[in-house]
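Scroll down for the structure; my scribbles are underneath it.
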Amino acid sequence: AEVEEKMRNGLPRKEFVLYFQPIIDCSNQTITYFEALCRWHSDDQPNIMPDTFIPIAEQAGLIGSLTTQLLHQACSFIKELDESDIRISFNISATHLQSPDFLAEIKAVFDKENVTPSCFIFEITETVLMQNWKRNVSLLNNLKLMGIEIAIDDFGTGYSSLGYLKQFPVDILKIDREFIRELHHDAKNRIFVGAIVSMASALSLRIVAEGVENKEQASILAEMNCFLQQGYYYAKPLPILKVLRHIGTHS
Ligand code: G
Ligand code: G
Ligand code: G
Ligand code: MN
Ligand code: NA
């Protein structure tokens, strides 16, 4: 309840800030797009990570206003980027997706910012999709009509099959970092990841490996034709100004 109160106060004070982590195409070492990750810069408490504060925002009914504020920040970032074709992958919370106001809220932001929704990928976890899936199929189809691409986050940790997922208009699978962590030590993980990569390619889905922390993991993934990679090996999530400096938009 104390944290909830601090969130309520922190929202209008703009204490919630987006950081951006690049997703690298390691076949040519270029940034293909960025994932937006929220950080809470609060004066009067130690760092609280989104794992903790997102569920609190959901319970407190604050997730809509938090997400709206973050989506505005993401739009500003897109306008700051010179290359207009770089997209942002944006995490959508379970509770917010189920809210009847979801579509209207995000459309209002795109209209106000005059940013085309096709600059966005929405990341949704597979567990969320499987609940309430009839409604979710139509919701995702609506997002796709707006031009937003859909990524399944933390893929492999839920219980959905790729066959089941085929009913959703999905573009990208993000392999959970749990399967990447021991990739260079564990043959079972290599078999698992290899199987996901070949099935995804048969279904024309793009694959992103999350949590790539070292060269060994990166090379094994590349050998498996998994070229889109994200993790501390390449870059940590960075604040906007550092990203812009990093990619040379601002010197
Ligand atoms: O950044 P970090 O690894 O601490 O993120 C932990 C979890 O919080 C991840 O599952 C991530 O998807 C989620 N998360 C981070 N930023 C956001 C956000 O802006 N919105 C939502 N809904 N989830 C986020
Ligand atoms: O669940 P989701 O994929 O949205 O969460 C991504 C989170 O993973 C981010 O919050 C980010 O801080 C974290 N992350 C990014 N790269 C790495 C990495 O290489 N290793 C680990 N352990 N975490 C990472
Ligand atoms: O790069 P730095 O020395 O700040 O990282 C210290 C440790 O904190 C690293 O081992 C890394 O796993 C973790 N870490 C760094 N950045 C993030 C981040 O953005 N999110 C999370 N969840 N952990 C991070
Ligand atoms: Mn994510
Ligand atoms: Na993930």
Side-chain angles (χ1 to χ4, degrees), residues 7 10-11 14-24 26 31 33-41 46-77 87-99 102 105-106 109 120-129 149-158 170-184 206-218 220-221 226 228-240 242-243:
M7 287 198 83
L11 272 167
K14 306 276 154 55
E15 291 181 355
F16 296 88
V17 176
L18 280 186
Y19 277 41
F20 296 90
Q21 185 179 36
I23 284 92
I24 304 291
C26 71
I31 296 173
Y33 59 92
F34 292 94
E35 177 172 2
L37 294 155
C38 182
R39 296 293 178 260
W40 187 358
H41 292 169
N47 270 350
I48 302 187
M49 295 305 277
D51 277 334
T52 308
F53 68 73
I54 296 287
I56 294 172
E58 291 182 330
Q59 282 154 28
L62 296 172
I63 192 66
S65 43
L66 174 61
T67 307
T68 302
Q69 215 185 84
L70 296 174
L71 202 52
H72 274 290
Q73 287 182 32
C75 288
S76 308
F77 179 59
R87 279 177 304 175
I88 301 299
S89 204
F90 190 87
N91 289 286
I92 299 295
S93 99
T95 314
H96 193 206
L97 192 74
Q98 305 313 331
S99 134
F102 175 74
E105 280 177 7
I106 61 154
V109 176
F120 281 88
I121 300 161
F122 278 1
E123 297 198 7
I124 300 164
T125 63
E126 56 178 325
T127 336
V128 170
L129 284 187
E149 288 199 304
I150 308 297
I152 303 298
D153 205 359
D154 306 340
F155 184 75
T157 58
V170 169
D171 303 287
I172 298 168
L173 299 182
K174 300 192 73 178
I175 306 177
D176 193 71
R177 60 173 181 258
E178 182 187 320
F179 305 102
I180 309 302
R181 198 174 353 113
E182 296 301 322
L183 205 59
H184 47 315
R206 279 171 283 154
I207 281 270
V208 174
E210 302 186 300
V212 177
E213 295 186 350
N214 57 55
K215 200 172 167 44
E216 290 87 348
Q217 294 163 339
I220 292 168
L221 288 162
C226 181
L228 298 182
Q229 302 180 11
Q230 174 179 10
Y232 301 153
Y233 175 59
Y234 298 101
K236 290 199 310 177
L238 298 167
I240 287 190
K242 281 201 178 157
V243 176

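In listed order, ligands and their atoms are each counted from 1. Note that the numbering runs from 1 along the sequence shown for the chain. Heavy-atom basis, side chains included; hydrogens, waters and symmetry copies ignored.
Heavy atoms of T67 found under 4.0 angstrom from ligand 1: none, in either backbone or side chain.
Against a heavy-atom cut-off of under 4.0 Å, I54 is close to the following atoms of ligand 1: 20 (N), 21 (C), 23 (N). Close approach of ligand 2 to Q21 is summarised as follows: ligand atoms under 4.0 Å from at least one heavy atom of the residue are 15 (C), 16 (N). Listed by number with element, the atoms of ligand 2 under 4.0 Å from a non-hydrogen atom of E35 are 4 (O).
Inclusion of C38 in the set of residues having an N or O under 3.5 Å from an N or O of ligand 1 is warranted. In terms of polar-atom proximity, defined here as any N/O pair under 3.5 Å, N91 does make such a contact with ligand 2. Taking only nitrogen or oxygen atoms, main chain and side chain alike, K174 does not reach within less than 3.5 Å of ligand 2. Polar contact check, R39 against ligand 1: a nitrogen or oxygen pair lies under 3.5 Å apart. The shortest N or O to N or O distance between Q230 and ligand 2 is not below 3.5 Å.
The distance from the Mn ion (ligand 4) to the nearest N/O/S atom of S89 is not under 2.8 Å. For the Mn ion (ligand 4), the N/O/S atoms of D154 include none lying under 2.8 Å. For a distance bound of 2.8 Å, the N, O or S atoms of D153 include one lying that close to the Mn ion (ligand 4).
T95 pairs by the side-chain hydrogen bond (donor to acceptor under 3.5 Å, both in side chains) definition with E58, not counting sequence neighbours.
Tested against Q69, the residues V109, L18, L11, V17 include a single side chain to side chain contact (heavy atoms under 4.5 Å, CB included) partner, L11.
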